[in-house]
Amino acid sequence: ELPLGTTSVELVVVANDEGATFEIDGGTDLQPGENTLTVNVTAADGETTAEYVVTLFVLLSDDTSLSLFQANGVDVEDGSDVELPPYSTDIAIDAVATNEDATVEVTGADSLVAGENLVEVTVTAADGETVQVYGLFVYVLFATETGVSEIIVNGVSVQDGEVVLTTDLELTEVDVEVIAVDENATVEISGNTELVKGDNEITITVTAQSGDYAEYKVIFRLGGLEGN
């Protein structure tokens with residue numbers, strides 16, 4: 001067993017027969033882990049040979065450090081906080097081990113949800129035993145947008161608070177279409193069914209991912225005339 005970083009050894013071979021010769025294969029350019037060193041001895045008769053094999057084990061590195069650690073192209077460190085826009089579902093992690101024989105595994109970077117997420121980078125040293133885990137706290141912001149880009153009542157685009165008139169007294173319900181600024185926001189519509197003569201208040205509630213909400217109201221006047 002040889003110390004970490006050993007790349008060569010000095011070898012002394014002494015044959016029992018002073019007339020014997022030997023050749024050495026190995027002992028230089030050693031790599032971490034197992035290396036084979038072979039000594040071939042030829043007796044003085046020039047015919048008799050013997051081979052001696054020695055296994056040289058160079059200790060493997062226990063280095064678990066990172067030479068590069070970035071999240072979305074920005075340098076980070078163990079325990080860093082990273083904030084991402086609403087609806088982000090992944091983050092690009094670049095992690096390079098200082099020792100090229102160490103392995104790096106990233107978990108949690110491609111399954112983000114709104115709120116706090118833990119992304120971990122696990123480095124296993126070349127010795128296969130030494131492990132270090134680097135953690136990032138990734139916070140995906142909650143969407144707060146509650147606006148509407150258009151409200152359509154009975155086929156007509158209207159504004160919040162507007163009065164919509166109709167002379168069709170047979171109507172019992174009216175179609176309402178709402179286009180939210182944030183397509184992921186939830187939209188609830190009430191008051192557009194079981195219509196009665198006169199004013200019917202239609203309420204539109206837009207709720208953002210954060211739980212923030214806004215209400216929009218339209219008056220649908222059944223039997224109304226222009227100017228009334």
Side-chain angles (χ1 to χ4, degrees), residues 66 68-95 105-122 133-168 171-224 226-228:
L66 293 172
L68 176 70
F69 191 14
Q70 293 185 334
N72 281 352
V74 178
D75 289 336
V76 292
E77 59 186 20
D78 184 31
S80 289
D81 294 316
V82 180
E83 191 173 270
L84 296 179
Y87 304 120
S88 297
T89 58
D90 56 47
I91 185 171
I93 301 296
D94 293 313
E105 181 183 8
V106 179
T107 56
D110 57 359
S111 56
L112 304 180
V113 297
E116 188 173 88
N117 302 262
L118 177 61
V119 176
E120 293 185 323
V121 176
T122 302
V133 179
Y134 299 83
L136 287 181
F137 298 99
V138 180
Y139 191 85
V140 178
L141 295 174
F142 287 89
T144 59
E145 177 61 66
T146 58
V148 294
S149 55
E150 189 173 19
I151 301 172
I152 302 171
V153 177
N154 208 25
V156 178
S157 181
V158 299
Q159 301 297 317
D160 179 35
E162 189 171 337
V163 177
V164 180
L165 306 177
T166 180
T167 57
D168 187 352
L171 281 179
T172 58
E173 61 181 65
V174 62
D175 290 332
V176 178
E177 180 182 355
V178 179
I179 302 174
V181 174
D182 181 354
E183 64 180 10
N184 294 294
T186 60
V187 177
E188 294 182 1
I189 301 169
S190 62
N192 63 319
T193 60
E194 299 181 0
L195 301 177
V196 297
K197 292 179 182 179
D199 288 352
N200 297 267
E201 184 178 74
I202 299 173
T203 302
I204 299 161
T205 304
V206 179
T207 304
Q209 184 188 42
S210 63
D212 296 329
Y213 68 93
E215 286 188 346
Y216 302 86
K217 296 184 182 295
V218 175
I219 301 300
F220 190 73
R221 184 167 294 162
L222 191 61
E226 293 291 342
N228 290 334

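In this structure, CG on Leu222 lies 9.0 Å from OG1 on Thr167, to the nearest 0.5 angstrom. In this structure, the separation between CG on Asn117 and OG on Ser111 is 7.0 Å, given to the nearest 0.5 Å. Here the straight-line distance linking atom CD of Glu77 with atom OH of Tyr134 works out to 11.0 Å at 0.5 Å rounding. Of the inter-residue distances, the one linking Phe220 atom CZ with Ile202 atom CD1 reads 6.5 Å to the nearest 0.5 angstrom. The structure places CD1 of Ile91 at 4.5 Å from CG of Asn72, a figure rounded to the nearest 0.5 Å. Going from atom CG of Asn192 over to atom CD of Glu201 covers 12.5 Å, rounded to the nearest 0.5 Å.
Take Asp199 and apply the side-chain contact (heavy atoms from CB on, under 4.5 Å) test, not counting sequence neighbours, and it matches Ile219, Arg221. By the side-chain contact (heavy atoms from CB on, under 4.5 Å) test, Tyr139 is found to be paired with Glu116, Leu141, Phe142, residues two or more places apart in sequence or in another chain being considered. Residues satisfying the salt bridge (charged side-chain N to carboxylate O under 4.0 Å, His left out) criterion with Asp212, sequence neighbours excluded, are absent altogether. In this view, Tyr216 satisfies the ring pair (Phe, Tyr, Trp, His ring centres under 6.0 Å) rule with no residue, not counting sequence neighbours.
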Let me have the donor-acceptor pairs involving side chains of residues 152-164, under 3.5 Å, with sequence neighbours excluded, atom names and distances please.
from   : atom 1 : to     : atom 2 : distance (Å)
Ser157 : OG     : Glu150 : OE2    : 3.1
Asp160 : OD1    : Lys217 : N      : 2.8
Glu162 : OE1    : Gln159 : N      : 2.8

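Tested against Val140, the residues Val82, Leu112, Thr89 include a single side chain to side chain contact (heavy atoms under 4.5 Å, CB included) partner, Leu112.
Nearest heavy atoms, Ala180 versus Val187: CB-CG2, 4.2 Å. Residues Ala114 and Gln209 approach most closely at CB-NE2, 3.6 Å, considering heavy atoms. When all heavy atoms of Ala71 and Leu136 are compared, the pair lying nearest together is CB-CD1, 4.0 Å. Of all heavy-atom pairs spanning Gly108 and Val119, the tightest one is O-CG2, 3.5 Å. When all heavy atoms of Ala109 and Ile93 are compared, the closest pair comes out as CB-CG1, 4.0 Å. Across Ala185 and Val206, no two heavy atoms sit closer than the pair CB-CG1, 3.9 Å.
Of the possible donor and acceptor atoms, none in the side chain of Asp94 sits under 3.5 Å from a partner among the backbone N and O of Ala92. Under a 3.5 Å cut-off, the side chain of Ser210 and the backbone N or O of Ala143 do form a donor-acceptor pair. A distance-only check finds no donor-acceptor pair linking the side chain of Ser88 to the backbone of Asp90 [under 3.5 Å].
Within 6.0 Å of atom CD in Glu188, 12 or fewer heavy atoms from other residues, nucleotides or ligands are found, so the atom counts as exposed in its surroundings.
In this structure the side chain of Leu118 never reaches within 4.5 angstrom of the side chain of Thr107, judged on heavy atoms. Contact annotation: the side chain of Val181 never approaches that of Val148 to less than 4.5 Å [non-hydrogen atoms, C-beta and beyond]. In this structure the side chain of Thr207 never reaches within 4.5 angstrom of the side chain of Thr146, judged on heavy atoms.
Pairs passing the side chain to side chain donor-acceptor pair (under 3.5 Å) check and including a residue from residues 171-182, sequence neighbours excluded, read Tyr87-Asp182.
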